[in-house]
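The structure displayed is predicted, hence computed values, not measured ones. When reading the values below, keep in mind they use all heavy atoms of this one structure, side chains included, and skip hydrogens, waters and symmetry mates.
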Amino acid sequence: MSQISLARYLREQQRVLPVLDDALIRLLEQVAQACVGIGQALGQGALAGLLGAAGQDNVQGEAQKKLDVLANDLLIDAHVWGGHLAAMASEEMDDLYTLPDEMPRGDYLLAFDPLDGSSNIDVNVSVGTIFSVLRAPQRQAVSAADMLQTGRAQVAAGYAIYGPSTQWVLTLGAGVDVFTLDRSLGQFFLTERGLRIPEQTQEFAINMSNQRFWEAPVQRYVAELLAGREGVRGKDFNMRWVGSMVADVHRLLTRGGLFMYPIDAKTRAKGGRLRLLYEANPMAWLVEQAGGLASTGYERILDLSPQALHQRVAVMLGAREEVLRLEDMHRD
Ligand code: AHM
Ligand code: MG
């Protein structure tokens with residue numbers, strides 16, 4: 001059978017998923033198209049003078065890379081004219097981006113991290129783009145408060161990973177499917193349906209250099225993993241840490257595992273390291289759609305009521321058995 005392009009996939013899904021209206025299809029196609037452009041820019045890298053700092057900080061006080069800014073611009077440009085969005089929020093923009101008055105507006109809101117893991121750009125390690133789509137309660141007087149919906153309200157979520165190949169991973173609430181970019185055509189094709197995360201795992205991902213700053217439950221949990229076969233878990237665990245959330249989550253969606261970015265003494269005042277609306281929520285939904293769990297340790301990420309656009313949270317997601325164990329330890 002011929003390959004299934006993203007365009008064909010979306011039309012076929014539309015027949016079984018009423019949520020997928022024409023505007024949402026256009027929106028998703030534009031996200032994918034922007035990701036093709038971001039992937040091309042990343043591929044040019046040093047040749048196009050695109051590595052290095054942009055010389056300014058974002059709202060989170062983090063130094064922006066040139067490619068952070070470019071990726072953000074590509075996503076905005078892809079969506080501003082399409083008539084399917086009411087507003088956008090991005091890691092790289094302080095405030096909600098409402099469409100210019102002369103542009104047609106639609107019923108959706110888009111939140112994104114244009115270039116996740118951007119500290120890895122200059123060392124040529126995989127980075128990604130994460131996105132989350134919500135319904136806009138209104139088209140015209142839209143404000144940041146409209147974006148503060150729980151993760152359960154997402155209508156689509158996914159990410160692009162720019163690695164040896166560029167892949168695009170999507171959920172519409174009916175499982176998780178994977179597309180791979182044909183670079184010669186500039187188009188994504190379906191390459192895997194229905195990703196599943198095994199309930200059990202022997203692989204975890206955490207930034208171990210923060211160990212001394214973690215809270216007691218995470219200290220105890222990781223100590224058990226490190227004790228391996230001789231400890232209470234009775235099995236050895238392997239560790240991987242790319243430092244790009246997209247790459248670390250992609251690994252666990254592909255071959256299982258657990259990813260943690262807990263609150264620690266350094267990030268407690270901010271609420272954590274990763275952002276709720278455009279990092280934790282979309283990844284939590286993808287992981288749950290693949291049969292895993294996503295928690296802060298105390299509660300389900302998808303149940304959190306966001307209080308601010310750039311709110312941060314603790315993130316523990318992946319294999320069910322491990323996330324449940326982490327939650328048990330937090331309850332203790
Ligand atoms: P970014 O969106 O600014 O790139 O930050 C998010 C990244 C995640 O991809 C990764 O899991 C984490 O920050 C790594 O942070 P650190 O190196 O501080 O542990
Ligand atoms: Mg990020």
Side-chain angles (χ1 to χ4, degrees), residues 4 6 9-10 12-13 16-17 19-20 28 31-32 35 112-113 116-117 126 128-133 150-161 163 165-180 188-206 237-238 240-242 244-261 274 276-297 299-304 313-327:
I4 298 177
L6 176 62
Y9 166 92
L10 290 170
E12 287 178 355
Q13 288 292 303
V16 286
L17 293 177
V19 54
L20 196 53
L28 292 170
V31 174
C35 292
F112 51 83
D113 178 356
D116 177 64
S126 296
T129 297
I130 313 174
F131 65 93
S132 163
V133 183
T150 69
R152 275 180 283 104
Q154 294 174 102
V155 291
Y159 60 82
I161 175 164
S165 65
T166 292
Q167 292 191 301
W168 205 70
V169 179
L170 174 70
T171 187
L172 298 163
V176 180
D177 296 331
V178 183
F179 303 81
T180 302
F188 285 101
F189 291 91
L190 182 66
T191 44
E192 211 172 337
R193 271 191 205 270
L195 293 186
R196 297 304 292 170
I197 301 171
E199 283 197 23
Q200 299 178 337
T201 186
Q202 284 181 242
E203 192 163 80
F204 69 104
I206 193 165
F237 284 81
N238 183 32
R240 285 284 183 274
W241 179 255
V242 178
S244 298
M245 186 195 201
V246 165
D248 285 308
V249 171
H250 189 68
R251 185 184 54 252
L252 76 86
L253 279 167
T254 311
R255 69 174 189 206
L258 172 76
F259 170 88
M260 290 169 279
Y261 214 115
L274 298 172
L276 177 58
L277 287 182
Y278 41 81
E279 291 177 325
N281 270 343
M283 292 310 204
W285 199 30
L286 286 160
V287 163
E288 294 208 356
Q289 281 294 315
L293 288 176
S295 174
T296 63
E299 55 196 319
R300 194 177 165 212
I301 288 175
L302 295 178
D303 285 338
L304 296 172
V313 283
V315 174
M316 297 164 201
L317 48 78
R320 287 184 77 85
E321 187 180 85
E322 299 305 322
V323 177
L324 290 174
R325 198 173 175 92
L326 269 161
E327 287 186 330

*asked:* What I'd like to find out is whether the side chain of Met283 reaches to under 4.5 Å of the side chain of Leu274, using heavy atoms alone.
replied: no
*Closest contact, heavy atoms only, Glu199 versus Ala319*: O-CB, 3.4 Å
*Kindly compute the distance separating CD (Gln154) from CG (Leu277), expressed to the nearest 0.5 Å.*
9.0 Å
*Kindly give the heavy-atom pair with the smallest separation between Ala156 and Leu172, and that separation in Å.*
CB-CD2, 3.7 Å
_Nearest atoms (heavy-atom pairs only) where Asp248 meets Ala205_ = OD1-CB, 4.2 Å
_Option from Tyr159, Phe259, Trp168 for which ring pair (Phe, Tyr, Trp, His ring centres under 6.0 Å) with His250 holds_ = Tyr159
*Does the ring pair (Phe, Tyr, Trp, His ring centres under 6.0 Å) test come out yes or no for Tyr9 and Phe188, once each step is laid out?*
CA-CA 10 Å; Tyr9 166 92; Phe188 285 101; over 10 Å; no
_Straight-line distance of Ser295 OG to Met260 CE, nearest 0.5 Å_ = 12.0 Å
*Atom of Gly318, atom of Leu252 and distance for their closest heavy-atom approach*: CA-CD1, 3.8 Å
_side-chain contact (heavy atoms from CB on, under 4.5 Å) assessment of Phe237 paired with Leu258_ = CA-CA 11 Å; Phe237 284 81; Leu258 172 76; over 6 Å; no
_Arg251 side chain reached by Val242 side chain, heavy atoms, under 4.5 Å_ = yes
_Closest non-hydrogen atom pair between Ile161 and Ala247, with its separation_ = CD1-CA, 3.8 Å
*Using modelled atom types only, decide if a donor and an acceptor are shared between the side chain of Ser244 and the backbone of Val246 within a distance under 3.5 Å.*
no
*asked:* With a 3.5 Å distance limit and no angle check, can you tell me whether Asp116 reaches the backbone of Ile130 through a side-chain donor-acceptor pair?
replied: no
*Sort and list the pairs that fulfil side-chain hydrogen bond (donor to acceptor under 3.5 Å, both in side chains) and have at least one residue in residues 277-286, not counting sequence neighbours.*
Gln60-Tyr278, Arg275-Glu279, Tyr278-His310
_Side-chain touch Leu28/Leu10, heavy atoms, less than 4.5 angstrom_ = yes
*Spacing of Leu293 atom CG and Glu327 atom CD [to the nearest 0.5 Å]*: 7.0 Å
*Go through the steps to decide whether Ile197 and Leu195 satisfy the test side-chain contact (heavy atoms from CB on, under 4.5 Å), and finish with yes or no.*
CA-CA 7 Å; Ile197 301 171; Leu195 293 186; over 6 Å; no
*asked:* For Thr171, is there any backbone N or O sitting under 3.5 Å from a side-chain donor or acceptor partner on Asp177?
replied: no
*asked:* So which atom in Arg193 and which in Ile4 form the shortest heavy-atom distance, rounded to 0.1 Å?
replied: NH2-CD1, 3.8 Å
*Got a sec, which residues hit side-chain contact (heavy atoms from CB on, under 4.5 Å) with Ser165, two or more places apart in sequence or on another chain?*
Gln167, Thr180
*Identify, with sequence neighbours excluded, every residue that meets side-chain contact (heavy atoms from CB on, under 4.5 Å) alongside Arg196.*
none
_Let's go through Thr296 and Ile301 carefully: what are the C-alpha distance in whole Å and the side-chain angles of both, what is the deciding distance for side-chain contact (heavy atoms from CB on, under 4.5 Å) to 0.1 Å, and is it a yes or a no?_
CA-CA 6 Å; Thr296 63; Ile301 288 175; 4.0 Å; yes
*If you measure from CZ on Phe204 to CZ on Arg240, what distance do you get to the nearest 0.5 Å?*
11.0 Å
*Report the C-alpha distance between Arg152 and Arg300 in whole Å, list the side-chain angles of each, state the deciding distance to 0.1 Å, and finish with yes or no for side-chain contact (heavy atoms from CB on, under 4.5 Å).*
CA-CA 10 Å; Arg152 275 180 283 104; Arg300 194 177 165 212; 4.1 Å; yes
